[in-house]
Engineer: 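Below is the structure I would like to discuss, written out as structure tokens.
Numbers restart at 1 for each chain; the letters A, B, ... are given by sequence-line order, proteins then strands.
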There are 2 protein chains.
Amino acid sequence: MTEIEKTLENHQVRPTAMRILIYKYLAEKEVAVALTDIESAFAKAERTTLYRTLKTFEEKKIVHQIDDGTGISKYALCESGCNCEIDQDLHLHFHCNNCNETVCLTEHKIPQIKVPDGFVSENVNLVVKGICDKCSGQ
Amino acid sequence: MTEIEKTLENHQVRPTAMRILIYKYLAEKEVAVALTDIESAFAKAERTTLYRTLKTFEEKKIVHQIDDGTGISKYALCESGCNCEIDQDLHLHFHCNNCNETVCLTEHKIPQIKVPDGFVSENVNLVVKGICDKCSGQ
DNA sequence: TAACTAGTGCAACAGAAGTGCATTTATTGA
DNA sequence: TCAATAAATGCACTTCTGTTGCACTAGTTA
């Protein structure tokens with residue numbers, strides 16, 4: 001049994017061939033991926049399967065969904081630095097306006113945000129937009 | 001000539017009846033509104049007109065677009081506290097998980113966010129989710 | 001091996017966003 | 001004032017993302 005299979009089972013997800021492939025794909029990509037990205041990477045597979053696989057992964061805390069402001073949901077593997085388990089994913093995301101890619105800055109935590117009296121903060125989504133390291137280096 | 005007409009003209013937008021109505025609607029609402037909201041408020045008008053009006057307003061910096069993570073674009077009037085003009089809209093938005101409304105917290109500025117070397121921050125989008133003052137008071 | 005459950009494939013739908021084009025309304029200049 | 005021009009609006013359609021229902025297949029368990 002491979003590492004990936006173990007990981008999936010640890011999250012109560014049965015390691016089917018499809019799921020292993022998708023997990024591997026997500027692990028190789030260093031950026032957050034959209035459903036369409038996976039779709040084009042796995043042209044042979046059905047969109048619905050990929051969609052439901054992502055939903056399963058999300059539900060089982062294998063990936064976290066990212067809303068980077070493009071209007072398209074993206075997903076990235078949860079890492080050690082990602083505390084999705086406690087529903088408090090407090091790292092920020094960076095969206096590059098040039099290459100259009102979104103990366104997790106897991107080591108950068110979101111500072112404490114103060115909200116007015118009466119407001120109860122449950123979750124914070126912070127997306128920084130600009131030029132990423134790859135694009136700015138050119 | 002009314003206040004609204006003056007405001008529109010100041011932003012190089014011709015004050016048509018439709019635009020004045022939409023502006024008035026936005027001014028009355030204290031929360032960010034989606035296209036569909038305006039649509040149902042102005043059942044007689046065409047969706048396209050409303051859509052393009054919002055786009056025009058956005059382009060001319062009369063409103064700013066808000067991405068509150070629901071996947072639906074919302075819009076709110078730019079106020080004195082809103083520095084959309086310099087493309088640095090640094091106030092945060094609060095999305096209520098209960099009533100599903102999104103408000104601008106213009107008086108709450110986004111703290112300085114540090115990004116890793118090589119990354120260039122141009123814009124920051126911060127959405128706090130939770131329970132708003134109206135809902136928490138009940 | 002039969003019964004059952006989970007996973008996958010196919011088709012179709014919903015909602016939001018966006019475009020092209022014709023028509024109407026407003027503005028400008030002779 | 002009226003024709004020419006530009007801007008705004010209305011209508012029909014398209015595209016894209018996300019989502020669901022249903023049938024079929026594979027894999028698991030009694």
Side-chain angles (χ1 to χ4, degrees), chain A residues 1 4-5 7-25 32-60 62-76 95 100 102, chain B residues 1-2 4-25 32-60 62-76 95 100 102:
Chain A
M1 183 181 287
I4 293 179
E5 286 176 74
T7 307
L8 292 181
E9 294 211 329
N10 283 342
H11 288 85
Q12 289 94 45
V13 173
R14 296 211 329 225
T16 67
M18 197 74 250
R19 286 171 176 173
I20 293 170
L21 280 174
I22 295 178
Y23 189 99
K24 205 178 286 182
Y25 176 79
V33 298
L35 178 56
T36 46
D37 298 328
I38 307 184
E39 229 178 307
S40 29
F42 298 91
K44 281 170 286 186
E46 264 314 289
R47 208 167 56 90
T48 317
T49 305
L50 303 174
Y51 169 75
R52 282 197 259 238
T53 301
L54 282 179
K55 282 290 167 196
T56 305
F57 279 10
E58 191 190 355
E59 202 175 310
K60 301 298 185 181
I62 295 174
V63 301
H64 60 268
Q65 190 180 356
I66 301 165
D67 165 37
D68 62 5
T70 57
I72 301 165
S73 294
K74 298 192 177 163
Y75 300 87
H95 178 77
N100 217 32
T102 301
Chain B
M1 182 182 290
T2 70
I4 293 179
E5 286 177 75
K6 270 186 221 163
T7 307
L8 292 181
E9 294 212 330
N10 283 342
H11 288 85
Q12 287 94 47
V13 172
R14 275 162 47 177
T16 66
M18 197 74 249
R19 286 171 176 172
I20 293 170
L21 280 174
I22 294 179
Y23 189 98
K24 206 178 285 180
Y25 176 80
V33 299
L35 178 56
T36 46
D37 297 328
I38 306 183
E39 229 180 305
S40 29
F42 298 92
K44 281 171 285 185
E46 262 315 289
R47 206 173 52 86
T48 318
T49 304
L50 303 173
Y51 170 75
R52 283 198 259 238
T53 301
L54 281 179
K55 283 289 167 195
T56 305
F57 279 10
E58 192 190 354
E59 200 176 310
K60 301 299 185 183
I62 294 173
V63 300
H64 60 269
Q65 190 181 354
I66 300 165
D67 166 38
D68 62 4
T70 57
I72 300 164
S73 293
K74 298 191 176 163
Y75 300 85
H95 177 78
N100 217 33
T102 301

Engineer: Output yes when at least one side-chain N/O atom of Tyr51(A) is less than 4.0 Å from OP1 or OP2 of dT17(D), else no.
Structural biologist: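 No.
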Engineer: Is it the case that the base of dT5(C) and the side chain of Arg14(A) share a donor-acceptor contact (distance under 3.5 Å, atom types as modelled)?
Structural biologist: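 Such a pair does not exist between side chain and base.
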Engineer: Taking all heavy atoms of His95(B) and all of Lys74(B), pick out the closest pair and write down the distance.
Structural biologist: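 Here His95(B) and Lys74(B) meet closest at CE1-NZ, 4.2 Å.
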Engineer: Minimum heavy-atom separation for Ile66(B) to Ala76(B), with atom names?
Structural biologist: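 Where Ile66(B) meets Ala76(B) most closely, the heavy atoms are CD1-CB, 3.8 Å.
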Engineer: Please give, in whole Å, the distance from dC11(D) P to Lys44(B) NZ?
Structural biologist: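 About 14 Å, once rounded to whole Å.
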Engineer: Could you work out, with side-chain hydrogen bond (donor to acceptor under 3.5 Å, both in side chains) as the rule, every residue matching Ser73(A), not counting sequence neighbours?
Structural biologist: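 Listed in chain order: Gln65(A).
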Engineer: Whole angstrom is fine here: how far is it from CG in Leu35(A) over to C1' in dC16(D)?
Structural biologist: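 Spelled out: CG on Leu35(A) to C1' on dC16(D) is 11 Å.
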Engineer: Distance check needed: dC10(C) P versus Glu39(A) CD, whole Å only.
Structural biologist: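 Rounded to the whole Å, the gap is 13 Å.
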Engineer: Measure CD/Glu46(B) against P/dA17(C) and give the value in whole Å, please.
Structural biologist: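 Computing the Glu46(B):CD to dA17(C):P distance gives 16 Å.
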Engineer: Can any side-chain N or O of Arg47(A) pair as donor or acceptor with the backbone N or O of Glu39(A) at less than 3.5 Å?
Structural biologist: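 No; judged by distance alone, with no hydrogens or angles, the pair does not exist.
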Engineer: Does a salt bridge link Glu9(B) with Lys6(B), judged by any charged N lying under 4.0 Å from a carboxylate O?
Structural biologist: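 The answer is no: the pair does not qualify as a salt bridge.
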Engineer: Once you round it to whole Å, what is the distance between P of dG7(C) and CG of Leu54(A)?
Structural biologist: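 Leu54(A) atom CG is separated from dG7(C) atom P by 14 Å.
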Engineer: Between Thr48(B) and Val13(B), which has a closest nucleotide on DNA chain D that is more 5'?
Structural biologist: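 That would be Val13(B).
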Engineer: Under 3.5 Å, is there an N or O donor on one side and an acceptor on the other linking the side chain of Thr36(A) and the base of dC16(D)?
Structural biologist: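 By the distance-only test, no, there is no pair.
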Engineer: Counting only distance, no hydrogens or angles, is the base of dG9(C) paired donor-acceptor with the side chain of Arg52(A) under 3.5 Å?
Structural biologist: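 When only heavy-atom distances are counted, Arg52(A) does reach the base of dG9(C) through a donor-acceptor pair under 3.5 Å.
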Engineer: Nearest whole angstrom, please: distance from the C1' of dA17(C) to the CD1 of Ile72(B).
Structural biologist: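 Atom CD1 in Ile72(B) sits about 12 Å away from atom C1' in dA17(C).
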Engineer: Is there a donor and acceptor pair, one atom on the side chain of Arg47(B) and one on the base of dA17(C), closer than 3.5 Å?
Structural biologist: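 Yes, the side chain and the base share a sub-3.5 Å donor-acceptor pair.
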Engineer: Is the shortest side-chain N/O distance from Lys55(A) to OP1 or OP2 of dG18(D) below 4.0 Å?
Structural biologist: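 Checking Lys55(A) against dG18(D): no side-chain N or O falls below 4.0 Å of OP1 or OP2.
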Engineer: How long is the line joining CG of Leu50(A) and P of dC16(D), in whole Å?
Structural biologist: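 Between P of dC16(D) and CG of Leu50(A): 18 Å.
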Engineer: Round to a whole Å and report the spacing from CG of Asp37(B) to C1' of dG15(C).
Structural biologist: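 Result: 14 Å.
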Engineer: Taking for each residue the nucleotide of DNA chain C with the nearest heavy atom, is it Ser73(B) or Thr16(B) whose nucleotide lies nearer the 5' end?
Structural biologist: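 So the residue in question is Ser73(B).
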